[in-house]
A.B. asks: 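Got a structure for you, questions after.
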There are 2 protein chains.
Amino acid sequence: MASLTTVDGLAQLSFLVLGTLERRAAEHDLSLIQTRLLGVLRDRRPTMLELAKLLGLDKSSVSGLVDRAERRGLVTRIPSAADRRSVLVGLTEQGRTLAAEVAARFEADVTEILALLPDADRRSLSSLVSGLLVAHARANGVDLFDTLVPSHE
Amino acid sequence: MASLTTVDGLAQLSFLVLGTLERRAAEHDLSLIQTRLLGVLRDRRPTMLELAKLLGLDKSSVSGLVDRAERRGLVTRIPSAADRRSVLVGLTEQGRTLAAEVAARFEADVTEILALLPDADRRSLSSLVSGLLVAHARANGVDLFDTLVPSHE
DNA sequence: TATTGTTATACTCTATAACTATA
DNA sequence: TATAGTTATAGAGTATAACAATA
């Protein structure tokens, strides 16, 4: 039982963490991708095409995604002044509130799980995970993409 | 940029790890859930109902999931001898081969990411993650569920 | 009656291809 | 011509409800 591979451990931890997020999102009738949509929009107002890039989806998929979110009053389409072909997507107040609520509950869940570790271990884990992410971002010339929770600063 | 919350870091790491798995699975035309199906069957031959429990899905969802995997020759339905209402689901040789291949590539990917850390850090991370998973499993009276890769021993 | 599994139905999510409207 | 976005279409994945077969 303690014979977990590092890879196995990371995979299981990932399923645990994202499963937690998925469950919290579902309490608000949000799918994981809808939650990511709201998360990405917390500090951006991208075009449909930029949004597709951010979420790793085809533009046509984003059309439907935004349609459904808009129908629920969570996001709005704003005509671009610069290019009349373009549409900007932004959060509504309702969308912002919902995103914040899901994020808060998710943070509480993960914090509770992390509380199972002694303080020193938790600090070590945090710093190792950060280090790994930074190293990976650097190695791939990629900006540390936001997932649910945008970087706070 | 170094101001990542522990929770943020874990969320991003989880997206990174499962995104890697998803990409590898997609190379073999497997979705994440199909991959999990194959993974779960690597060391089990459950009934449909047990499978639903293992995957956290409704039994009707599992019917369709198994249908599609069976159509591709990855799994088979075996009538239960004990209960004529029941059906056991098992991997075919082809399914087993495919599962092993995806698992191997995924392990290589994650190993490569982990190689960005110094040896000592990697060992620390591994032990902290294992500790967290064990503590969580204990706190929830849950067996350390298999995700993609079944526990090796 | 209760349980196991499938089917019917409806919706979300996804991609490809064809289209419209701007550039 | 090229680009931004939508629409048409097809398929996977999911749940709820109704059903058939067996217990």
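A, B, ... follow the sequence lines: proteins, then strands. Residue 1 opens every chain. Note: hydrogens, waters and symmetry copies are ignored here, and every other heavy atom, side chains too, is used.
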A.B. asks: Can you run down the salt bridge (charged side-chain N to carboxylate O under 4.0 Å, His left out) pairs that involve residues 110-137 of chain B, sequence neighbours left out, and say none if there aren't any?
C.D. replies: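 Pairs touching residues 110-137 of chain B that pass the test: B:Asp119-B:Arg122.
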
A.B. asks: What residue pairs, at least two apart or across chains, pass salt bridge (charged side-chain N to carboxylate O under 4.0 Å, His left out) with a residue in residues 48-62 of chain B?
C.D. replies: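 Passing the test, one end in residues 48-62 of chain B: no pairs.
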
A.B. asks: Given atom NZ of B:Lys53 and atom C1' of C:dG5, what is their separation to the nearest angstrom?
C.D. replies: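 Distance check: B:Lys53 NZ to C:dG5 C1' gives 17 Å.
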
A.B. asks: Using a heavy-atom cut-off of under 4.0 Å over every strand shown, decide if B:Thr47 touches base, sugar-phosphate, or nothing.
C.D. replies: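 Counting heavy atoms under 4.0 Å across all strands, the contact made by B:Thr47 is with sugar-phosphate only.
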
A.B. asks: With sugar-phosphate meaning primed atoms plus P, OP1 and OP2, does B:Ser63 contact a base, only sugar-phosphate, or nothing at under 4.0 Å between heavy atoms?
C.D. replies: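 Base contact.
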
A.B. asks: Students often get this wrong, so: under 4.0 angstrom with heavy atoms, is A:Ser60 touching a base, only sugar-phosphate, or nothing?
C.D. replies: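 Answer is base: heavy atoms of A:Ser60 come under 4.0 Å of a base.
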
A.B. asks: Provide, to the nearest angstrom, the distance between the CE atom belonging to A:Met48 and the P atom belonging to C:dT14.
C.D. replies: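 So the two atoms are 13 Å apart, to the nearest Å.
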
A.B. asks: Under 4.0 Å between a side-chain nitrogen and a carboxylate oxygen: does that hold for A:Arg105 and A:Glu101?
C.D. replies: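 Salt bridge flag = yes for A:Glu101 with A:Arg105.
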
A.B. asks: Here's one to test your reading of the geometry: is the NZ or CZ of B:Arg36 within 45 degrees of the ring axis of A:Phe15 and under 6.0 Å from its centre?
C.D. replies: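 Yes, cation above the ring, under 6.0 Å and within 45°.
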
A.B. asks: Side chain of A:Gln34: nearest nucleotide among C:dT14, C:dC13, D:dG5?
C.D. replies: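 Minimum distance to the A:Gln34 side chain belongs to C:dC13.
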
A.B. asks: Rounded off to whole Å, could you give me the CZ-to-P distance for the A:Arg77 and C:dA21 pair?
C.D. replies: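 Result: 16 Å.
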
A.B. asks: B:Glu22 has an atom CD; how far is it from atom P of D:dG13, in whole Å?
C.D. replies: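 My rounded result for the distance is 11 Å.
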
A.B. asks: Specify the separation, in whole Å, of atom CG of A:Leu30 and atom C1' of D:dT14.
C.D. replies: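 Atom CG in A:Leu30 sits about 16 Å away from atom C1' in D:dT14.
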
A.B. asks: Once you round it to whole Å, what is the distance between C1' of D:dT22 and CG of B:Leu49?
C.D. replies: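 Value for this atom pair: 14 Å.
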
A.B. asks: Take atom CD of A:Glu50 and atom P of D:dG5, then tell me their distance rounded to the nearest Å.
C.D. replies: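 From A:Glu50 CD to D:dG5 P: 8 Å.
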
A.B. asks: DNA chain C: A:Arg85 or A:Arg71, which has the more 5' nearest nucleotide?
C.D. replies: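 Mapping each residue to its closest nucleotide by heavy atoms, the 5'-most match is A:Arg71.
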
A.B. asks: B:Lys59 has an atom NZ; how far is it from atom C1' of C:dT3, in whole Å?
C.D. replies: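 The distance from NZ of B:Lys59 to C1' of C:dT3 comes to 8 Å, rounded to the nearest Å.
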
A.B. asks: Hey, is the side chain of B:Arg84 poking within less than 4.0 Å of OP1 or OP2 on D:dA21, counting only N and O atoms?
C.D. replies: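 Looking at the OP1 and OP2 atoms of D:dA21, neither is under 4.0 Å from any side-chain N or O of B:Arg84.
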
A.B. asks: Is there a donor-acceptor pair closer than 3.5 Å between any side-chain N or O of A:Ser130 and the backbone N or O of A:Ser126?
C.D. replies: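 The answer is yes, because a donor-acceptor pair under 3.5 Å joins these two groups.
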
A.B. asks: Whether A:Arg68 contacts C:dC11 is assessed here as follows: a side-chain N or O lying under 4.0 Å from the phosphate OP1 or OP2. Is that the case?
C.D. replies: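 No.
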
A.B. asks: So what does B:Ser61 hit on the nucleic acid, given a heavy-atom distance under 4.0 Å: a base, only sugar-phosphate, or nothing?
C.D. replies: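 Counting heavy atoms under 4.0 Å across all strands, the contact made by B:Ser61 includes a base.
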
A.B. asks: Ignoring the backbone of B:Asp58, work out which of D:dT22, D:dA15, D:dG5 is nearest its side chain.
C.D. replies: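 Looking only at heavy atoms from C-beta outward on B:Asp58, the closest nucleotide is D:dA15.
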
